[in-house]
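Following: one structure in structure tokens, then a few remarks.
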2 protein chains.
Amino acid sequence: MITTGDIVNKLSRHGYRLTPQRLMILDAVDGADDHISTDEIYMQVCDQYPHLNISTVYRTLELLKELGLVTETDLGDGRVRYHSIKKGHHHHLVCHKCGQTIDMDESVLSPLKAALSRDYDFDAELSHLAIFGICKNCR
Amino acid sequence: MITTGDIVNKLSRHGYRLTPQRLMILDAVDGADDHISTDEIYMQVCDQYPHLNISTVYRTLELLKELGLVTETDLGDGRVRYHSIKKGHHHHLVCHKCGQTIDMDESVLSPLKAALSRDYDFDAELSHLAIFGICKNCR
DNA sequence: ATTGCAGATGCAAGGGGTTGCATCTGCAAT
DNA sequence: ATTGCAGATGCAACCCCTTGCATCTGCAAT
Ligand SMILES: [Zn+2]
Ligand SMILES: [Zn+2]
Ligand SMILES: [Zn+2]
Ligand SMILES: [Zn+2]
């Protein structure tokens with residue numbers, strides 16, 4: 001369990017400060033049942049704190065991503081979605097035709113990650129990927 | 001070698017028409033030495049045909065992609081880039097720290113494509129991917 | 001408790017890309 | 001050569017996201 005104290009420490013260790021906006025935005029992502037979009041976060045936090053600016057939401061999500069507290073992915077619906085790291089790593093298959101998304105375990109990409117490390121000495125960040133294509137129903 | 005006649009056929013087979021705009025845009029992508037961006041295409045075609053609208057460029061590239069004449073990729077510089085299919089399939093590794101891009105052969109992703117087909121019955125479109133991470137110089 | 005200041009925020013302008021709609025045009029049928 | 005019309009274009013408004021800048025504030029040092 002990550003506490004507010006842990007977050008303060010993690011931020012200050014990198015020279016960042018804990019602000020009410022950051023806390024509320026992180027709460028919104030952590031409390032979301034599913035992948036949550038920037039404007040959903042914005043609207044939700046605005047209910048408690050109407051002065052919040054949308055650019056703060058974008059900047060905070062960038063920071064939380066950098067600190068490894070959230071992951072981001074683009075499921076192809078024209079906006080980026082976020083996900084608390086507490087819910088574990090996974091990936092998605094997205095069908096171009098029907099729009100269905102299939103969840104995949106992190107391990108599916110392990111061989112690729114290993115191959116890139118071995119052959120190219122490249123440390124790939126494959127934490128929350130969406131792969132597009134055609135699902136079995138639409139072939 | 002793909003001729004204008006081939007393109008007319010490919011278009012009309014799908015119920016699409018050949019317009020001067022489409023021909024000029026395809027020429028710009030085919031003639032580019034490297035991955036070319038939408039606004040580079042726009043500016044280049046505008047030299048011959050100043051009336052061209054940028055939304056026509058976006059719509060045409062979408063169509064050419066659908067027909068398999070160009071591939072698209074996002075190398076992380078805030079704009080999408082295009083590439084003629086004539087130049088063959090490949091992928092890219094992009095370093096988050098130094099911005100360097102390393103070219104990869106298509107075959108690197110073959111095992112993944114096969115695994116997704118076998119395990120999920122999913123036909124992944126992995127024609128021109130950019131994978132982000134940290135290169136060997138920046139580790 | 002005060003102070004100082006680097007880091008954070010709000011604001012507004014701007015950049016890349018998409019979309020609805022009225023007009024135009026390639027092209028197939030006559 | 002004309003005609004008809006679905007497909008294509010130009011235009012303007014819009015959406016998602018980023019950025020420069022002036023102001024504000026968390027927090028460490030005193
Ligand atoms: Zn996910
Ligand atoms: Zn499907
Ligand atoms: Zn490429
Ligand atoms: Zn690097």
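What you see below is based on every heavy atom in this structure, not just the backbone, and it leaves out hydrogens, waters and symmetry mates.
- Between A:Tyr58 and the phosphate of D:dC17, there is a side-chain N or O to OP1/OP2 separation shorter than 4.0 Å.
- Counting heavy atoms from C-beta on, the side chains of A:Glu125 and B:Ile134 come closer than 4.5 Å.
- Atoms NE2 (A:His14) and C1' (D:dC27) sit 18 Å apart, rounded to a whole Å.
- One finds a side-chain N or O of A:Thr38 lying less than 4.0 angstrom from the OP1 or OP2 phosphate oxygen of D:dC17.
- In this entry D:dC24 has C:dG7 as its Watson-Crick or G-U wobble partner, both defining distances falling under 3.5 Å.
- Atom CZ of B:Phe122 and atom CE of A:Met104 lie 8.0 Å apart (nearest 0.5 Å).
- Residue A:His51 contributes atom NE2, which lies 17 Å from atom P of C:dA8 at whole-angstrom precision.
- Summary of the strand contacts: B:Val80 and B:Pro20 both lie near DNA chain C, and taking for each the nucleotide with the nearest heavy atom, the more 5' one is attributed to B:Val80.
- Counting non-hydrogen atoms under 4.0 angstrom, A:Arg59 reaches a base of the nucleic acid.
- At a threshold of 4.0 Å, the pair A:Lys86-A:Asp30 counts as salt-bridged, since one of the basic side-chain nitrogens sits closer than that to a carboxylate oxygen.
- Look at CE on A:Met24: it is 13 Å from C1' on C:dA8, rounded to the nearest Å.
- A close approach under 4.0 Å does occur between a side-chain nitrogen or oxygen of B:Thr56 and OP1 or OP2 of D:dG10.
- A close approach under 4.0 Å does occur between a side-chain nitrogen or oxygen of A:Gln21 and OP1 or OP2 of C:dG10.
- Under the 4.0 Å criterion applied to side-chain N and carboxylate O atoms, A:Lys65 and A:Glu62 are assigned as salt-bridge partners.
- Atom CG of B:Leu61 and atom P of C:dT19 are 15 Å apart (whole Å).
- One interatomic measurement links the two molecules: CG of A:Leu23 to C1' of C:dT9, which rounds to 16 Å at whole-angstrom precision.
- Across every strand in view, D:dC17 sits in a pair with C:dG14 that passes the Watson-Crick or G-U test at under 3.5 angstrom.
- Taking side-chain N and O atoms only, B:Tyr42 has no distance below 4.0 Å to OP1 or OP2 of C:dG17.
- The CG atom of A:Asn53 sits 13 Å away from the P atom of C:dA13 (whole-angstrom rounding).
- Using a 4.5 Å heavy-atom cutoff, the side chains of B:His91 and B:Glu106 are in contact.
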Query raised in the report: So B:His92 and B:His83, ring pair (Phe, Tyr, Trp, His ring centres under 6.0 Å) or not? Walk me through it.
Result: CA-CA 13 Å; B:His92 302 275; B:His83 193 277; 7.6 Å; no
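- Comparing C:dG17, D:dC17, D:dG26 by their closest approach to the side chain of B:Arg79 singles out C:dG17.
- In this structure, D:dA29 and C:dT2 make a Watson-Crick or G-U wobble pair, each of the two defining distances being under 3.5 angstrom.
- Note: CD1 (A:Ile54) to P (C:dA8) measures 19 Å, nearest angstrom.
- Among the protein residues, A:Leu52 comes within range of the sugar-phosphate backbone only, with heavy atoms under 4.0 Å from sugar or phosphate atoms but none that close to a base.
- One atom, CD of B:Glu66, and another, P of D:dG7, lie 13 Å apart when rounded to the nearest Å.
- Residue-to-nucleotide contacts include no donor-acceptor pair under 3.5 Å from the side chain of B:Ser12 to the base of C:dC27.
- Of all nucleotides listed (C:dT9, C:dC27, C:dA8), C:dA8 comes nearest to the side chain of A:Arg17.
- Projected onto DNA chain D by closest heavy-atom contact, A:Leu18 and B:Leu18 fall at different nucleotides, the more 5' of which corresponds to B:Leu18.
- Residue B:Thr19 places at least one side-chain N or O closer than 4.0 Å to OP1 or OP2 of D:dT9.
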